[in-house]
Amino acid sequence: MIVRDFNEIVEKERDRVVSDAQWSSVRMLLADDGMGFSFHITFLDAGSEHTFEYKNHFESVYCMQGTGSITDVATGETHYIKPGVMYALDKHDRHILRAEEELVMACCFNPPVTGNEVHREDGSYATAEDLETA
Ligand code: 9YT
């Protein structure tokens with residue numbers, strides 16, 4: 001069994017905490033935990049806008065706190081986000097995520113994130129293979 005405390009990770013396991021432009025993320029589970037998915041608590045700054053496209057991953061995201069919106073770039077459809085709303089990027093959907101208030105999201109990635117990824121120009125994360133050959 002794996003048991004981890006968010007607050008202890010933030011205090012003592014800084015390698016599990018990742019920040020980029022206007023977001024930060026605490027990785028509760030990563031690839032080497034062997035679960036087949038990674039589990040993150042992600043914070044998106046109030047007023048920020050992000051374009052992501054996880055071409056190599058499926059992701060589901062559950063809003064725990066804050067408000068904002070998500071636009072599906074392919075369809076132009078925009079959905080309001082508030083606590084209780086989940087979105088799943090089942091088609092590796094390119095999307096624009098906007099935080100009106102700070103958003104606190106619980107996210108799962110399949111395949112799991114290793115912890116070494118950085119967002120590429122196109123909004124995706126590289127595969128583990130890409131990282132090995134980089
Ligand atoms: C909300 C969202 O897109 N979260 C993605 C996870 C975060 N960028 C991370 O942990 O890498």
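Ligands are counted one by one from 1 in listed order, and the atoms in each one are counted from 1 as well. Quantities reported herein were computed from a predicted structural model and do not represent experimental measurements.
For the residues F39, Y87, Y62, F109, the heavy atom positioned nearest atom 1 (C) of ligand 1 is part of Y87. Here the shortest heavy-atom distance to atom 2 (C) of ligand 1, taken over M28, H50, M105, E59, belongs to E59.
The shortest distance between side-chain heavy atoms of M35 and P112 does not fall below 4.5 Å.
Applying the 4.0 Å criterion to heavy atoms of S25 picks out, from ligand 1, the atoms 7 (C), 9 (C), 10 (O). Taking every heavy atom of C107 and a limit of under 4.0 angstrom, the matching atoms of ligand 1 come to 1 (C), 4 (N). Each of the atoms 3 (O) of ligand 1 lies under 4.0 Å from some heavy atom of F52. Short contacts between ligand 1 and Y54, defined as distances under 4.0 Å to a heavy atom of the residue, involve ligand atoms 3 (O), 5 (C), 8 (N).
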Go through the steps to decide whether H79 and V85 satisfy the test side-chain contact (heavy atoms from CB on, under 4.5 Å), and finish with yes or no.
CA-CA 10 Å; H79 307 268; V85 172; over 6 Å; no
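Counting protein heavy atoms only, atom 11 (O) of ligand 1 is closest to Y125 OH, 2.5 Å. With respect to atom 7 (C) of ligand 1, the closest heavy atom belonging to the protein is T42 OG1, 3.6 Å.
Here the closest non-hydrogen pair linking T114 and A31 is CA-CB, 4.0 Å.
Between H57 and Y54, the two ring planes are perpendicular [angle over 60°; tilted spans 30° to 60°]. Between F52 and W23, the ring planes lie perpendicular to each other; the angle is over 60°, past the 30° to 60° tilted range.
R16 places no side-chain N or O within donor-acceptor distance of the main-chain N or O of V26, the cut-off being under 3.5 Å.
Annotation: the span from I2 atom CD1 to M28 atom CE amounts to 11.0 Å, rounded to 0.5 Å.
For the pair H95 and ligand 1, the shortest N or O to N or O distance does not fall below 3.5 Å.
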